[in-house]
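Everything below concerns the one structure shown next.
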Amino acid sequence: MRLGVNIDHVGTIREARGMRYPDPIEAALLAESAGADGITAHLRIDRRHIKERDIRILREVVKTHLNVEASLDKEIQSMLLDIKPDWVCLVPEREEEITTEGGLNLKTVPGEIEKATKKLKNSGIMVTFFIEPKVEMVEMASDLGACAVELNTGKWSEYPSDANYKKIEGAAQVGITRGLEVHAGHGLNLRNVGRIAMIEEIDELNIGHAIISRAIIVGMERAVAEMKERILLGE
Ligand code: PXP
């Protein structure tokens, strides 16, 4: 099972100050050297964390695979056709949301989704749809030409009931039957990831918030000690 590391929140911290650091590119390279199998970044319409510059540089430097989450926004779609990440994950996007709130409802604009998917695939880009773990959505994703589905584990991580777990398992099985790759993500952390990792049909997990949060905590002692040493050394 592959691990895709979502580096958006490195961009969130950078943008909080409008500075050049921390740089999501540096974080991506370190994630890869620690064993990440892929790098994920969400290029949002409001550019609140990841910028076009990040995606262009990531395309150059990522050695594993680059997965860009994006809405159907025309400007972003044409930018992606030009940059050509390995994967594009189509996600719904709402301006006021704190993070992606749920899966793409494939029933609302199936024609637009199918058209965008075709264009991306014709440029050699693999396409995945971030969807709720529902059999009906997986079947529709397959009919609309997706190469993979990314199952939203967000609801299960919030309410880890057997019923919610079974929905993920069931949707993953249908994905395999339909010949799709099955990815999953949202809300996964050190405490709950093990259970999802037991679902054999899942090929890839995409995890962001928990990894970036943990990196801040485990890196705190070292960062403070480095600063203290520099102060003590003087110029
Ligand atoms: N997958 C998708 C489609 C997402 O939008 C996100 C959040 O950006 C993730 C996975 C990762 O979720 P989390 O940050 O909760 O690990």
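Order of appearance sets the numbers: ligands from 1, and atoms from 1 within every ligand.
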Sequence-distant partners of His9, ring-ring contact (aromatic ring centres under 6.0 Å, His included), two or more places apart: His209
Leu232 atom CG, neighbour heavy-atom count above 12 within 6.0 Å: yes
Any Ile199 side-chain heavy atom under 4.5 Å of Arg195 side chain: no
Pairwise side-chain contact, Arg53 with Ile25, heavy-atom cut-off 4.5 Å (strictly under): yes
Donor on one side chain, acceptor on other, Glu32 and Thr64, under 3.5 Å: yes
For [atom], what's the nearest protein heavy atom and its distance?
{"atom": "atom 15 (O) of ligand 1", "answer": "Gly187 N, 2.8 Å"}
{"atom": "atom 2 (C) of ligand 1", "answer": "Glu69 OE2, 3.0 Å"}
{"atom": "atom 1 (N) of ligand 1", "answer": "Glu150 OE2, 2.4 Å"}
{"atom": "atom 6 (C) of ligand 1", "answer": "His186 CD2, 3.4 Å"}
{"atom": "atom 11 (C) of ligand 1", "answer": "Asn206 O, 3.8 Å"}
{"atom": "atom 8 (O) of ligand 1", "answer": "Asn6 ND2, 3.3 Å"}

Backbone N/O of Gly175 and side chain of Glu201: donor-acceptor pair under 3.5 Å: no
Is the shortest N/O to N/O distance between [X] and ligand 1 below 3.5 Å?
{"X": "Ala210", "value": "no"}
{"X": "Gly208", "value": "yes"}
{"X": "His209", "value": "yes"}

Close-contact set for ligand 1 against Val91 heavy atoms, below 4.0 Å: 3 (C)
Check against salt bridge (charged side-chain N to carboxylate O under 4.0 Å, His left out), Glu15 and Lys51: CA-CA 10 Å; Glu15 296 309 311; Lys51 310 229 170 277; 3.3 Å; yes
Qualifying side-chain hydrogen bond (donor to acceptor under 3.5 Å, both in side chains) pairs, either residue in residues 225-234, two or more places apart: Arg222-Glu226
Ligand 1-proximal atoms of His9, by part, heavy-atom distance under 4.0 Å: neither
